[in-house]
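Both counts, for ligands and for their atoms, begin at 1 and track the order of listing.
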Amino acid sequence: MLLFFANIHVLDGRLMYIDKKRLYLKKKMKTRVRFAPSPTGPLHIGGLRTALFNYLFAKKKAGVFVLRIEDTDQNRSVEGSEDYIQEALEWCGMNPDEGPKNGGEFGPYRQSERKNIYADHIQTLIKKGAAYYAFDKAERLNEERKEAEKKGETFKYGHQNRLQFKNSLTLTEKETTEALKKEFVIRLKVESNQTVIVKDLIRGVVRVKTDTLDDKILMKSDGMPTYHFANVVDDHLMEITCVIRGEEWLPSLPIHKLIYTAFGWETPEFMHLPLILKTVGKGKLSKRDGDKDGYPVFPLKWGKETPGFREMGFLASGMVNYLALLGWNEGIEKEVYSLKELEKAFNTKGVQKGGARFDYEKAKWINQQQLQKMSVEEIYSVSRVKELLSPFEENKHLSLIRLVKERLNILDDIKDELTFIESTYPYDEKVIEKINDKNPKAVLEQIKKTLIEEDDVDLFQEQIISWSKKNEVSMGILMQSFRLALVGKLTGPDIFKVCSVLGKEVSLKRINKLIEHLNFKQIL
Ligand code: GLU
């Protein structure tokens, strides 16, 4: 027992020493992080959140943000995804410092263009005896898999059974050379009975027994590397100092650590981000959740069918701000941040361990907060806003935004908020019944008269209000009649502003129309 503790002590001492050396080296190294998506379709907001945390981490440390496209699985690659990823990052203002679009000294940045690099590096592991060729036919492995399933186990190709299979550990050199002429894969040789120690910046130290791991395939039979191998080789060659990615990759970390160790490479730091959970219930937020409850889970639209946050009327600043809060907080009350503010405020300490629940209402609230910080001109510069305003005369666009700005959560609320510009809603008859015995017609006639005489809206407002006071007409009746005439219902923007945007002519027409309607009701 004593000896056991003594060993731990020695080990800890060495670790401490290594940590100090590492710290010294790290201090001298420039921070480099990467976002490494696979181009398998539109980027989920979880992926965009990973990109954001990488970006913020880099900016905070005056480092470099790399985009690397992990497209080694050609079967899963979907055309258009890479452009989509690039566009989504640009929309959010997170332009990669290095990547397939703008290059960099560590390229190429698409894994499919790095085949030679992997082919060279796998030879290093073969030579070191840390990886080996395996020639087993798929049928044989499937049989083994079925056998294991029957026993309620998961089949693993590893230290416990690798010598029963056809691989370069069991064949002679000559047989191996012969077998290499046909299909083969290359596997990592995971030694048994050891402990892999990995450290995650959020979760601390994780210890994993190698006996629980299998001999993962590093190179596939098509000559392409697997995710594990390409990922580690590239993170090393691209001098990534901290790997920031989703929690779903945490189980891969021991394998990655073993690959680093096999090469004799220093590992970068790791940070695994909490999952983005469904609004209610268990599990990760999925596209199905969004479809069911009417919100997008992608930043931009994908094809014609799948909307994105941008097309739903979110600002990039709203999207970025909300995503930052999904798993991070500064530890103060503040929730509304610009990207620039986030770049300063972001810290690893604020990243939470537990999953972050997605809340569309909160996302809209954040977007609304961002909208209110913008000037009318800034809002008008957003292309979505121009689209939304296209049915209206261009010279009215700015005043229309001014009119409804305060009422907007997302940009697309503009559509609903401005419906009355074309024509009034059907009159709210309940309101008419309520005010009918208070002589709304007289009020409307007075509004009409004042409006005809007065061109200045502010003066018109003043005059009509002082008239109502003098004649003891309640403000309620005045406003309700006026609003009913111009809008048709009681909700909407400031009614004097509505009047000004509609213009004198249209406003007078609408007032007359309501008077006629009231007359008609009286006859009935
Ligand atoms: N290509 C992986 C993905 O699609 C990246 C995982 C990582 O960042 O290591 O998410």
Side-chain angles (χ1 to χ4, degrees), residues 31-58 63-78 80-86 88-89 94 96 98-100 106 108-115 118 188 198-203 206 216-218 220 224-260 265 267-276 284-287 297-299 302 323 326-327 351:
T31 296
R32 291 178 57 83
V33 293
R34 85 318 187 258
F35 174 48
S38 300
T40 53
L43 181 66
H44 187 276
I45 50 164
L48 191 63
R49 198 266 323 249
T50 301
L52 174 64
F53 283 28
N54 270 288
Y55 172 87
L56 296 176
F57 190 90
V64 177
F65 171 53
V66 178
L67 171 64
R68 182 175 74 226
I69 299 293
E70 301 210 325
D71 57 350
T72 54
D73 193 345
Q74 302 285 335
N75 295 330
R76 291 184 60 226
S77 288
V78 176
S81 325
E82 185 186 317
D83 289 343
Y84 181 101
I85 292 163
Q86 184 75 38
L89 295 179
M94 304 189 269
E98 293 172 23
F106 295 82
Y109 293 92
R110 271 182 213 104
Q111 289 188 326
S112 57
E113 294 165 15
R114 300 171 64 82
K115 269 173 99 170
Y118 310 123
L188 178 69
V198 284
K199 196 175 153 210
D200 179 81
L201 290 181
I202 320 249
R203 286 162 181 79
V206 184
K216 282 268 174 306
I217 295 179
L218 301 180
K220 295 181 282 186
M224 277 291 198
T226 53
Y227 155 71
H228 302 294
F229 188 61
N231 193 269
V232 168
V233 169
D234 287 347
D235 282 343
H236 174 74
L237 296 180
M238 293 182 179
E239 294 183 11
I240 299 304
T241 53
C242 185
V243 169
I244 304 171
R245 60 186 167 198
E247 193 187 290
E248 64 272 29
W249 299 104
L250 193 60
S252 303
L253 188 52
I255 290 289
H256 294 185
K257 175 73 189 274
L258 288 173
I259 303 174
Y260 281 104
W265 291 339
T267 48
E269 288 186 308
F270 294 97
M271 191 197 300
H272 288 86
L273 305 175
L275 294 177
I276 298 184
K284 275 206 300 189
L285 175 75
S286 70
K287 177 169 180 305
V297 297
F298 303 114
W302 177 255
L323 287 183
L326 276 179
V351 180

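Scanning the protein for heavy atoms near atom 8 (O) of ligand 1, the closest one is Arg34 NH1, 2.8 Å. Protein heavy atom in closest approach to atom 2 (C) of ligand 1: Ala36 O, 3.3 Å. Here the heavy atom of the protein found nearest to atom 4 (O) of ligand 1 is Ser38 OG, 3.0 Å.
Between the side chain of Thr226 and the main chain of Ile217, a donor-acceptor pair closer than 3.5 Å is present. One N or O on the side chain of Arg203 and one on the backbone of His272 form a donor-acceptor pair closer than 3.5 Å. Between the side chain of Arg110 and the main chain of Asp71, no donor-acceptor pair closer than 3.5 Å is present.
Of all the heavy atoms of Trp249, the ones lying under 4.0 Å from any atom of ligand 1 belong exclusively to the side chain.
Within ligand 1, counting atoms from 1 as listed, the ones closer than 4.0 Å to a heavy atom of Asn231 are 7 (C), 9 (O). Which parts of ligand 1 touch Glu70 is read off a 4.0 Å heavy-atom cut-off, strictly below it: atoms 1 (N), 2 (C), 5 (C).
A donor-acceptor pair shorter than 3.5 Å cannot be found between the side chains of Tyr227 and Glu70.
Residue contacts with ligand 1 include Tyr227, since one or more of its heavy atoms lies under 4.0 Å from the ligand.
When all heavy atoms of Leu43 and Ala88 are compared, the pair lying nearest together is CD2-CB, 4.4 Å. Across Gly246 and Thr50, no two heavy atoms sit closer than the pair N-OG1, 4.2 Å.
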